[in-house]
Q: 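Next up is a structure, given as structure tokens.
Just so you know, residue 1 is the first one in the sequence shown, and it goes up from there.
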Amino acid sequence: MDIKGILSKMTLEQKASIVSGHDAWTTEKFEEIGVPSIFVCDGPHGLRKQEEGQVQINDSIDAVCFPTACATASSFDKQLMYDMGVILGKQCQAEDVSTLLGPAINIKRSPLCGRNFEYVSEDPYLAGELTASYVNGVQSQHVGTSVKHFAANSQETERMYADSVVDERTLREIYLAAFETAVKKAHPWTIMASYNRINGVYSCENDWLLNKVLRDEWGFDGIVMSDWGAVSDRIKGIAAGLDLEMPGSQGVNDSHIVRAVQSGELSEEALDTAVTNILRWVERFTENRQQEVFDRDIDHEKSVRAEEECIVLLKNDSVLPLDKKEKIAIIGGFAETPRYQGGGSSHINSHKVVSAVSVMDSFAASEGWIRYSEGFPYDADITDEAKFDVAVSLAKEADKVVVFAGLPDVFESEAYDRKHMRLPDCQNALIEKLLKLGKPVIIVLHNGSPVEMPWVDEVKGIVEVYLGGEGVGEAAMNVLYGKVNPSGKLAESFPIKLEDNPSYLNFPVARHKVVYVEGVFVGYRYYDTKKMDVLFPFGHGLSYTSFEYSNLRCPSKIDINDGAEVSVDITNTGAVKGKEIVQLYVSDRTYATNRPVHELKGFDKVELEPGETKTVTFKLDKRSFAWYSTEVGDWYAADGSYVIEIGKSSRDIPLSQETELTGSFQIPPVIDKDVQLGELRAYNKTKEYTAKTFAEASAQFGGREGEEKDEMTKAMLEYLPIRTLRSFGGMTNEKIEEILSDLNKLV
């Protein structure tokens, strides 16, 4: 495409038209000047392509549903994410889809967010790394992605209107960081701006967010599109960097744009920038079309294999894997009709759904059996005592009882948030009845976010399959019977109860505002710092084998400008092949600011044969140690002590080593009459001057006897503003101004 030539031929009306969607899924075309239309569709774990005549949200083409993000995040597997992206990219080429609308990477601030099932993690580092791999996979097939929802859209209540009130440090460290990683490491073709406001300004017209941060700081060169129906003021949006309004406004905003340019309210240069970005996007797809075949059966098998990498074994009191010779009672409606995806815009019309019941016969030997009883429904909270009785009778005959439980569709969905973390009452009631039999009970969970588990101490096994795609039933049975050794680990913390969550008092909305009072203390950053008991910690997951960590190699000193490598050996000390997810956390011991006790800064998934040892190596850079300083306006890490932790989870840290960070700088104090003596003494450039200049004033507080008074004296001097020396040191205003002038020269 000759983009400059096309732009020169376009009328103002055509420019105004192309920056709006033609309909729900296509862009405008102008064949007479060489501009074709392209098609976008929902994702990200399958194609929700709606063809002509398909208007309902659950109407779409026959497609393959892969595990949702709540599941794939638990794989901690960048290669898996890349490979899944490649498959979806090929499907898009086969179906003439230019851009897959996803992934969704908003931070899981609260377990109650109705859309958590399609969000990646509570941790921005994990979310960013996995997202970058997925985006690179999709876009390797010359198909775009639309990373969403940018930004701070971690609740569904009033999502089109609510104002997310977040300080800049929290935004940068928690809610923008995953987007930053995706942009810098994968260069997504598009970013989708969210519905909500951020500190009073809608995301779709937020110049700071879309221009200053996304484009100027991060170097994003694709298009920014609105979430569907997110535009409030189209003119402000174009000026702020919003290129494309979806799904368009049936011409209303087109004419508004024309009038705004004609009146001078909107510069035609800003409009031309948006048009140019859209034309480049169209060109990237249309100039790189490739022939692909969407083989649904083959891709279905790949979806099963993907889910096998994601399943998390939460608890195992020597009851798993099951033996084919055992008598197994399978109970719960999810065994026959699994919940394998969430509701809303990511809903896939699945090609082939495999339930545990449909494949269970292949797992029984002649000496044993597997039988099924519904017990409770998969789609409602209904207690049926007759069904309870049948289930209990079956369980009495069994050696072990496997309950397929979970959240019905109506419990969590796009557009609204959950009200609580409980499973349906009917499920908990039947589980309690089954436990009274004294048989080993194993729970298999189908849910998109954490649930409370009142029976956690009594059941013998818990398997978290999340919303694992259309092959979840087969993958679950493969794990239960040991055909697959589980290797997933939690990408989110499971609190004991809802009230433990740090956002509990400020979620979801109060008078149209969502105040992020907890700051950077989200998920494990909060629970671990407070040493609070949790149901299951971030990064937790068991295996049918065991792993030993040894030989941590970490430099005793690390120059922040050079970074460093950290290595550790992992040995499979069990009897079966398995995969272990090794996690690296960094703990800041400089106390330069208030930070979580530790933060994830590296992870790797390694496969080991019994007795085999492999070395896992992590690369650390400045960002591995840094926090966002609003004083500096950049990422900052103080020189001093840090601890490198190698963990099996955020709570299981078998190896750690202290290191000294060097090569950074000190943040200078603000030099004015309110600066404290302690600040001046701590800052290297003013330390010597301060000792000499304020020696007399310091002496006035000295000479006291007793340790307690000495501590008081130290504290009084530490926090003494120099203006008070007019009273305590006999200094004049002129002398203080002279001192301030000297200090400013030093800093």
Q: Less than 6.0 angstrom from the centroid, inside 45 degrees of the normal: does K78 satisfy that with respect to the ring of F603?
A: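 Pair K78/F603 counts as cation-pi.
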
Q: Not counting sequence neighbours, list each pair that qualifies as a ring pair (Phe, Tyr, Trp, His ring centres under 6.0 Å) and has a residue in residues 644-667.
A: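 For residues 644-667, and leaving out neighbouring residues, the ring pair (Phe, Tyr, Trp, His ring centres under 6.0 Å) pairs sorted by first residue read Y636-F665.
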
Q: Inspect the surroundings of NZ in K622 and state if more than 12 heavy atoms from other residues, nucleotides or ligands are less than 6.0 Å away.
A: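 Result for NZ/K622: enclosed.
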
Q: Would R169 pass as a cation-pi partner of Y628, given that its NZ or CZ must be under 6.0 Å from the six-membered ring centre and within 45 degrees of the axis?
A: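 Judged by the rule, R169 and Y628 form no cation-pi pair.
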
Q: Compute whether any side-chain donor of one residue and acceptor of the other, for Q341 and T68, lie under 3.5 angstrom apart.
A: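 T68 and Q341 do not have a side-chain donor-acceptor pair below 3.5 Å.
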
Q: Would you say the ring centroid of F625 lies under 6.0 angstrom from that of Y642?
A: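 Yes; Y642 has its ring centre under 6.0 Å from that of F625.
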
Q: Compute both the distance and the angle, then confirm whether R623 meets the cation-pi test with W635: under 6.0 Å from the six-membered ring centre, within 45 degrees of the axis.
A: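 Pair R623/W635 counts as cation-pi.
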
Q: Does NZ in K184 sit with more than 12 non-hydrogen atoms of other residues, nucleotides or ligands closer than 6.0 Å?
A: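 Counting neighbours around NZ of K184, more than 12 heavy atoms of other residues, nucleotides or ligands fall under 6.0 Å, so yes.
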
Q: Just jot down the side chain to side chain contact (heavy atoms under 4.5 Å, CB included) partners of M160, sequence neighbours excluded, or say none.
A: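 M160: side chain to side chain contact (heavy atoms under 4.5 Å, CB included) contacts with Y195.
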
Q: Tell me whether E518 is salt-bridged to R525, with the criterion being a basic N under 4.0 Å from an acidic carboxylate O.
A: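 R525 and E518: not salt-bridged.
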
Q: Who passes side chain to side chain contact (heavy atoms under 4.5 Å, CB included) against T529, sequence neighbours left out?
A: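 Side chain to side chain contact (heavy atoms under 4.5 Å, CB included) check on T529 returns F521, P596, V597.
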
Q: Can you classify the ring geometry of H446 versus F334 as parallel (below 30°), tilted (30 to 60°) or perpendicular (above 60°)?
A: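 Rings of H446 and F334: parallel, under 30°.
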
Q: Check whether the side chains of N106 and S154 place a donor and an acceptor atom closer than 3.5 Å, and report yes or no.
A: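 No, because no side-chain N or O of N106 sits under 3.5 Å from a partner of the opposite role on S154.
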
Q: Would you kindly say whether S449 and E412 are connected by a side-chain donor-acceptor distance under 3.5 Å?
A: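 Result is yes, a qualifying pair exists.
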
